[in-house]
There are 2 protein chains.
Amino acid sequence: MFSTSCHYALQAMIYIALRSGKDKNVDLASIAEELDIPKHFLSKILQLLVKNKLLLSMKGPTGGFKLSMPASRINLIKVVEVIDGLDVFNRCGIGFKQCDDSSPCPIHFEFSQVRQQVEEIFETKTLEQLTTDIEDGNSLVSLGLSTKIKK
Amino acid sequence: MFSTSCHYALQAMIYIALRSGKDKNVDLASIAEELDIPKHFLSKILQLLVKNKLLLSMKGPTGGFKLSMPASRINLIKVVEVIDGLDVFNRCGIGFKQCDDSSPCPIHFEFSQVRQQVEEIFETKTLEQLTTDIEDGNSLVSLGLSTKIKK
DNA sequence: TAATGGCATGAAGTAGAAAACATGTCTTTT
DNA sequence: AAAAGACATGTTTTCTACTTCATGCCATTA
């Protein structure tokens, strides 16, 4: 559904939301290593996110990346918008270029309803919700990202 | 969501369902031209569909392609299965490889519910339903594929 | 102020999907 | 049986997303 660049961006944003703070940056190497993403490639993606004001970057020792605003104000769709653009949510399921509401393909209405649900999910979910979920040990337990110790 | 090969396959199957009959084949050149698909590329895709028993092909003059079974028995998912494989319906929305029911990503359950709906659509819709829809002038009118003349 | 650790940027390389090409083989028709 | 029309097959080329490499630039810290 999304490009790998977009997947990397989403994963990195989640990671940064988990690990950075007001006065704490996360450095590229750590993100790349823990998420198993090619470092230099990730670098370009993060630069895009910086340019589009979702991230802040600092150079020098103690430098790195952090969110540009509270995690509660960043929803997933903002990330997708920067990397893949919003019309991923608007493509015909069968690949007809001319397919839209006024000239629908045979599955257009069923399919666009589902697409709308995906958009809704990405619109609704904020980084804050995701990190809470992870910190509580409800998600991504296998990655060991939770900061809480589960008994 | 699907590869272009898969889109081409779906479009071609619909076209063949519309234009072929028990004793009537449709030739590659016509399909490629009307659907605006590179001919030689389409050729390989159709060969895959032949190998996987969704199409029959005949050589020689009057040769071409036709469905291997009634349009009512071919649903869209069979086409997707041959070209892209079924695990397109099973991928994590954020791209985490280890994401599944037992080790979910933070949007796993919402997302897989939606994926299931897509699968449902492709499972339910048969080529017969689609062609009926098109012949009645309810879909793809712009392609001019309908055989009926609308007043 | 020099050394170090980090991001920024542009160019170059790779792999796989997509497309084009050339040739072979089969089947109908005359 | 020969010609022509169609699919079949294998090779090559192109394109693009993805990845890597090399270098420049900036900020902290000793």
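Order of the sequence lines sets the chain letters (A, B, ...), proteins ahead of strands, with each chain counted from 1.
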Below 3.5 Å between N/O atoms, which protein atoms pair up with nucleotides 24-30 of chain C? Just atom names and distances, please.
none

Spacing between [X] atom [atom1] and [N] atom [atom2], to the nearest angstrom:
| X | N | atom1 | atom2 | value |
| --- | --- | --- | --- | --- |
| A:His40 | C:dG10 | NE2 | P | 15 Å |
| B:Ile37 | C:dA20 | CD1 | C1' | 16 Å |
| B:Asp36 | C:dA18 | CG | P | 16 Å |
| B:Glu33 | C:dA19 | CD | P | 17 Å |
| A:Asn25 | C:dG6 | CG | P | 11 Å |
| B:Leu28 | C:dA19 | CG | C1' | 13 Å |
| B:Tyr8 | C:dA17 | OH | P | 15 Å |
| B:Lys39 | D:dA8 | NZ | C1' | 13 Å |

What's touching nucleotides 13-17 of chain D from the protein side, N or O pairs under 3.5 Å?
none

- Tell me, please, which residues at least two apart from B:Asp87 pass salt bridge (Lys or Arg N to Asp or Glu O under 4.0 Å). B:Arg91
- Flag side-chain contact, heavy atom, 4.5 Å: A:Ile134 against B:Pro106: yes
- Are side-chain heavy atoms of B:Leu55 and B:Met13 found at a separation under 4.5 Å? yes
- Item | Backbone of A:Glu128 reached by a side-chain donor or acceptor of A:Thr131 within 3.5 Å | yes
- Look only at the side chain of B:Asp84 and the backbone of B:Val80, and say whether a donor-acceptor pair between them is shorter than 3.5 Å. no
- Task: Could you note down all residue pairs passing ring pair (Phe, Tyr, Trp, His ring centres under 6.0 Å) where residues 32-59 of chain B supplies at least one of them, sequence neighbours left out?
- Result: B:Tyr8-B:Phe41
- Quick one: do A:Val118 and B:Phe111 satisfy side chain to side chain contact (heavy atoms under 4.5 Å, CB included)? Show the steps, please. CA-CA 7 Å; A:Val118 178; B:Phe111 197 76; 4.0 Å; yes
- Measure the CD-CG distance between B:Glu135 and B:Asp133 for me, rounded to the nearest 0.5 Å. 10.0 Å
- Query: Just checking, any donor-acceptor pair under 3.5 angstrom between side chains of A:Ser43 and A:Gln47?
  - Reply: yes
- Task: Only counting residues at least two apart or in another chain, list the ones meeting side chain to side chain contact (heavy atoms under 4.5 Å, CB included) with A:Met69.
- Result: A:Leu54, A:Arg73, A:Ile74, A:Lys78
- Query: Hey, can you pull the residues of residues 41-52 of chain B with a non-hydrogen atom under 4.0 angstrom from DNA chain C?
  - Reply: B:Phe41, B:Lys44
- When you look at A:Ile31 and A:Val26, which way does the side chain to side chain contact (heavy atoms under 4.5 Å, CB included) test go after all the steps? CA-CA 7 Å; A:Ile31 310 172; A:Val26 195; 3.9 Å; yes
